[in-house]
Amino acid sequence: MTARPSASPTRLALGLSAACALLLALLAAISLLALQLHFESRDRAQLQAQLQTTRGLLTGVDNAAALAALPARLQAALADQSRLAVRVQGALGQPLYEQGPPAALPASLMAQPSAAHPIALLQWQQDGHSWRGGALLMRLPLDGAAPLTVAMALDIQAQTTFLSSLRWALLAYVLLATLLFGLLARWWLGRALAG
């Protein structure tokens with residue numbers, strides 16, 4: 001019968017540390033993903049609510065006077081949203097209403113609006129800010145009127161900064177916790193196997 005070599009405390013501690021690092025990294029990744037999905041869901045709900053408000057205003061445009069008053073009505077309904085960029089444009093690209101930085105809504109977003117709810121959310125970087133938004137075609141009740149493209153985006157720079165900081169904090173936590181666990185496991189296993 002051959003004697004089985006005993007595992008060294010260092011090797012056992014390294015194995016336990018690797019398992020600890022894997023579990024902590026998995027927990028950190030799941031936490032970050034859950035938080036990102038929460039932010040996206042909250043942004044989607046806010047954008048959907050603003051699109052519904054806009055749709056309600058557009059359904060009241062049944063004559064030329066109502067169309068002329070539309071920008072003022074949109075401003076009254078949407079202006080209190082400081083993180084919101086909005087562009088309502090006609091079929092030929094002429095703007096009827098704009099709010100927020102014009103560069104916040106890229107041409108690619110305006111070129112491919114959704115035809116129905118829910119809109120596809122896109123995320124992009126523009127001028128040092130992160131944005132999340134989408135575009136939707138909306139019809140006016142006017143006879144012969146072409147559909148309007150309504151694009152909205154939220155400035156999510158605060159979310160992006162927070163998630164980046166949290167990512168670094170979780171990485172530091174996983175590394176430090178793994179190192180501390182490894183040292184503690186080495187000390188404890190050294191004492192347990194010596195005795």
Side-chain angles (χ1 to χ4, degrees), residues 4-53 78 80-87 99-101 103-114 116-136 151-195:
R4 199 170 132 215
S6 66
S8 73
T10 303
R11 185 174 293 165
L12 287 172
L14 284 174
L16 288 172
S17 295
C20 174
L22 181 66
L23 290 174
L24 286 174
L26 183 63
L27 178 62
I30 289 171
S31 298
L32 279 172
L33 178 63
L35 199 52
Q36 281 180 311
L37 292 174
H38 166 74
F39 282 147
E40 186 176 325
S41 172
R42 191 179 70 177
D43 292 344
R44 180 181 300 281
Q46 186 176 354
L47 286 169
Q48 295 292 76
Q50 298 304 329
L51 285 168
Q52 285 302 103
T53 299
L78 302 173
D80 62 337
Q81 303 290 325
S82 62
R83 297 182 328 135
L84 185 68
V86 180
R87 181 177 169 102
Q99 170 181 314
L105 300 167
S108 59
L109 179 70
M110 303 301 292
Q112 297 179 335
S114 298
H117 282 292
I119 61 170
L121 285 185
L122 304 175
Q123 190 168 327
W124 64 92
Q125 294 273 336
Q126 187 73 37
D127 297 331
H129 284 265
S130 296
W131 296 88
R132 181 178 291 135
L136 182 66
M152 294 187 178
L154 289 170
D155 183 350
I156 58 166
Q157 186 59 40
Q159 293 174 13
T160 304
T161 302
F162 171 74
L163 287 172
S164 178
S165 298
L166 182 61
R167 191 174 295 114
W168 283 110
L170 287 173
L171 177 65
Y173 173 78
V174 167
L175 292 175
L176 288 174
T178 301
L179 178 64
L180 183 63
F181 180 79
L183 292 173
L184 186 62
R186 170 62 181 96
W187 173 79
W188 184 78
L189 286 169
R191 290 189 58 159
L193 293 176

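Remark: R83 engages Q46 in a side chain to side chain donor-acceptor pair (under 3.5 Å) (not counting sequence neighbours).
To the nearest 0.5 Å, atom CE of residue M110 and atom CZ of residue R87 are 5.0 Å apart. In this structure, CZ in R167 is found 12.5 Å from OG in S31, a value given to the nearest 0.5 Å. Rounded to the nearest 0.5 Å, atoms CG (L176) and CG (L180) are 8.5 Å apart. We find the CG-CG distance between L32 and L27 to be 10.0 Å, quoted to the nearest 0.5 Å. Rounding to the nearest 0.5 Å places CG of L154 at 10.0 Å from OG of S82. Rounding to the nearest 0.5 Å places NE2 of H129 at 5.5 Å from CG of D155.
Put simply, the side chain of F181 does not reach to within 4.5 Å of the side chain of L24, judged on heavy atoms. Here the side chains of W131 and I156 are not in contact, with every heavy-atom distance at 4.5 Å or above. Here the side chains of L26 and L22 are not in contact, with every heavy-atom distance at 4.5 Å or above. Between L47 and L84, some side-chain heavy-atom pair lies under the 4.5 Å cut-off.
For A135 against L109, the heavy-atom pair with the smallest separation is CB-O, 3.5 Å. The two residues S114 and A120 make their nearest non-hydrogen contact at OG-N, 3.6 Å. Minimum heavy-atom separation, V86 to L105: C-CD1, 3.7 Å. Minimum heavy-atom separation, S17 to G182: OG-CA, 2.8 Å. Scanning all heavy atoms of the two residues, the minimum distance from A185 to L16 falls at CB-CD1, 4.4 Å.
The environment of CD in Q123 is crowded: more than 12 heavy-atom neighbours from other residues, nucleotides or ligands sit within 6.0 Å. The number of heavy atoms from other shown groups lying within 6.0 Å of CZ (R11) does not exceed 12.
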### Task
Might you work through the side chain to side chain contact (heavy atoms under 4.5 Å, CB included) test for M152 and L78, ending with a clear yes or no?
CA-CA 11 Å; M152 294 187 178; L78 302 173; 4.1 Å; yes
#### Entry: Test log, rule side chain to side chain contact (heavy atoms under 4.5 Å, CB included), inputs Q48 and I119
CA-CA 8 Å; Q48 295 292 76; I119 61 170; 3.8 Å; yes
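A donor-acceptor contact shorter than 3.5 Å links the side chain of T178 to the backbone of V174.
Side-chain contact check for T161 and Q157: at least one donor-acceptor pair (N or O, by modelled atom type) lies under 3.5 Å.
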